[in-house]
Novice: 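Take this structure, written in structure tokens, and hold onto it; I'll ask about it next.
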Amino acid sequence: MIPGRFVEPLGLLTGPVAFHALREGFALPLQGGDLAFSFVRLIEDGEDLGVGPIREVPEEWQDAVHEIARRPAPFAGLAEDRPLVMGVLNVTPDSFSDGGRHLDPRAAIAAGHAMLEAGADILDIGGESTRPGARAVSVEEECARILPVIRELAKAAPVSVDTRNAATMRAALEAGAEILNDVSALRHDPEALALAARSEAPVILMHMPGDDPATMQSLARYEDVALEVAGFLRERIAACEAAGIPRGRIAVDPGIGFGKTLAHNLALIERLPLLAGLGCRVVLGASRKRFIGTLSGVEEAGRRIPGSIAAALAGAARGASVLRVHDVAETVQALAVWRACQSGVAPAGAA
Ligand code: HH2
């Protein structure tokens, strides 16, 4: 049982329909953005109390409903009028999709610059693969891989460091990284929470059952995966706040593929708006992952780009603020067209 109250936004609207529904009071803006929600599901202590229009929500639930409509702080001070694109740069020999391609720092730096030219807002740089069964690396090895790359690319763009190790976080911040991205939600290393609090850096808290990618797939058992992930993230936000990290510095991520089956991944994407009530920006990392291969029958991760774009757009349509992707140019193009079609308005400057 997941304790506490959750409000799940449903009936999402966009464009002119959203505008009219908001004006007439039939809908509220999802996290203060362009999407609006018109229905909600009320959930208490794991029990589904039913679905209804927002105008009929009982008085004692109104605060929770309005929490979903509140605009969170902009993530890392970046643009908040569109989903941000985070380019993935794995400086590893064994990452599931780009392992070995960027192990040479010069190749990694060139790939980072290419992602920025293609429109990436943030670069996410990691030196340890988290794919199921990957070999753990020492902090020294992790730092040797990523620090030269971070030092160079941080001059050009906001960099997040994808690590579970506090010593690597500290070294990466000194090298110029601005954001901490921890797949263990600051649980793996006992020093990480205090370090993140002292650093004043924005943090991404991701859901993973257990705190070790080596064993996570054996823990892929949930009664209601979306609710359990939301409950976990709510607890981690509370732990961060208690340690001195304000909510405005936190983003949350459902951890697609981390201790999840195909059905779990799909449920998490479809019910992504449930995370909006946590009061933090939502990050989604579905790019090239196994579930896309399973759905499409494409074994080679590098050939999963169309499926990755479909998943990214599904996330954007459900309120994701940051999309973590390997294929930046393709995602940026898809997002530009998707946003224009959603709003029915040509972007400023387009003829
Ligand atoms: N996924 C991976 C690694 N880090 N961080 C966040 N916040 N969200 C994710 O979904 C996420 C993540 C795994 O993908 P990748 O980095 O491409 O592979 P590998 O772990 O094998 O290096």
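Every number for a ligand or one of its atoms is a count from 1 in the order of the listing. Positions are given from 1 along the sequence. Note that these values count all heavy atoms, side chains included, but never hydrogens, waters or copies made by symmetry.
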Novice: Which residues, ordered by chain and number, are linked to Val322 in its hydrophobic cluster, where ILVMFWY side chains connect at heavy-atom gaps below 4.5 Å, directly or through other members?
Specialist: Phe75, Leu78, Leu84, Met86, Ile122, Ile179, Ile204, Val283
Novice: Under 4.0 Å from ligand 1, counting heavy atoms only, is it the side chain of Arg324, its backbone, both or neither?
Specialist: side chain
Novice: Examine the proximity of ligand 1 to Asn181 and report which part, side chain or backbone, both or neither, has a heavy atom under 4.0 Å away.
Specialist: side chain
Novice: Counting from 1, what ligand 1 atoms have a heavy atom of Asp162 closer than 4.0 Å?
Specialist: 3 (C), 4 (N), 12 (C)
Novice: Considering both backbone and side-chain atoms of Gly285, is one of its nitrogen or oxygen atoms within less than 3.5 Å of a nitrogen or oxygen in ligand 1?
Specialist: yes
Novice: Quick one: do Leu227 and Leu275 end up in the same hydrophobic cluster if we chain Ile, Leu, Val, Met, Phe, Trp and Tyr together by side-chain heavy atoms under 4.5 Å apart?
Specialist: no
Novice: Assess Thr92 for proximity to ligand 1: is some non-hydrogen atom of it under 4.0 Å away?
Specialist: no
Novice: With backbone taken as N, CA, C and O and side chain as the heavy atoms from C-beta onward, which portion of Asp124 lies under 4.0 Å from ligand 1: side chain, backbone, both, or neither?
Specialist: neither
Novice: Please identify which atoms of ligand 1 are closer than 4.0 Å to at least one heavy atom of Arg131.
Specialist: 20 (O), 21 (O)
Novice: Just to verify, which of Asp121, Asp162, Asp253 counts as forming a salt bridge (Lys or Arg N to Asp or Glu O under 4.0 Å) with Arg324?
Specialist: Asp162
Novice: Thr163 and Glu142: side-chain donor and acceptor closer than 3.5 Å?
Specialist: yes
Novice: Which of the numbered atoms in ligand 1 are under 4.0 angstrom from any heavy atom belonging to Ile204?
Specialist: 7 (N)
Novice: Would Thr130 count as being in polar contact with ligand 1, using the rule that some N or O on each side must be under 3.5 angstrom apart?
Specialist: yes
Novice: State whether Phe291 and Arg304 meet the cation-pi test: NZ (Lys) or CZ (Arg) under 6.0 Å from the six-membered ring centroid, and within 45° of the perpendicular axis.
Specialist: no
Novice: I want to check something: taking the side chain as every heavy atom from C-beta on, are Trp61 and Val40 in contact at a cut-off of under 4.5 Å?
Specialist: no
Novice: Only counting residues at least two apart or in another chain, list the ones meeting side chain to side chain contact (heavy atoms under 4.5 Å, CB included) with Phe39.
Specialist: Leu10, Val51, Pro53
Novice: Nearest protein heavy-atom contact for atom 21 (O) of ligand 1: which residue, which atom, what distance?
Specialist: Ser129 OG, 2.7 Å
Novice: Please determine which of Asp189, Asn181, Val203, Leu195 meets the side-chain contact (heavy atoms from CB on, under 4.5 Å) test together with Met169.
Specialist: Leu195
Novice: Number the atoms of ligand 1 from 1 as they appear, then name those within less than 4.0 Å of a heavy atom of Asn90, with their elements.
Specialist: 15 (P), 16 (O), 17 (O), 18 (O), 22 (O)
Novice: Step through it carefully: locate the ring centre of His207, locate the ring centre of Phe258, and say whether they are under 6.0 Å apart.
Specialist: no
Novice: How about Val325 and Val88: do any of their side-chain heavy atoms sit closer than 4.5 Å?
Specialist: no
Novice: What do you reckon, does His326 put a non-hydrogen atom under 4.0 Å from ligand 1?
Specialist: yes
Novice: For Val183, counting its heavy atoms only, list the atoms of ligand 1 lying under 4.0 Å from any of them.
Specialist: 4 (N), 5 (N), 12 (C)
Novice: In terms of residue, atom name and distance, what is the protein heavy atom nearest to atom 22 (O) of ligand 1?
Specialist: Ser95 OG, 2.5 Å
Novice: Identify, for atom 1 (N) of ligand 1, the protein heavy atom at the shortest distance, and state residue, atom and that distance.
Specialist: Lys289 NZ, 3.0 Å
Novice: For the 3.5 Å polar cut-off, considering only N or O atoms, please tell me whether Asp253 and ligand 1 meet it.
Specialist: yes
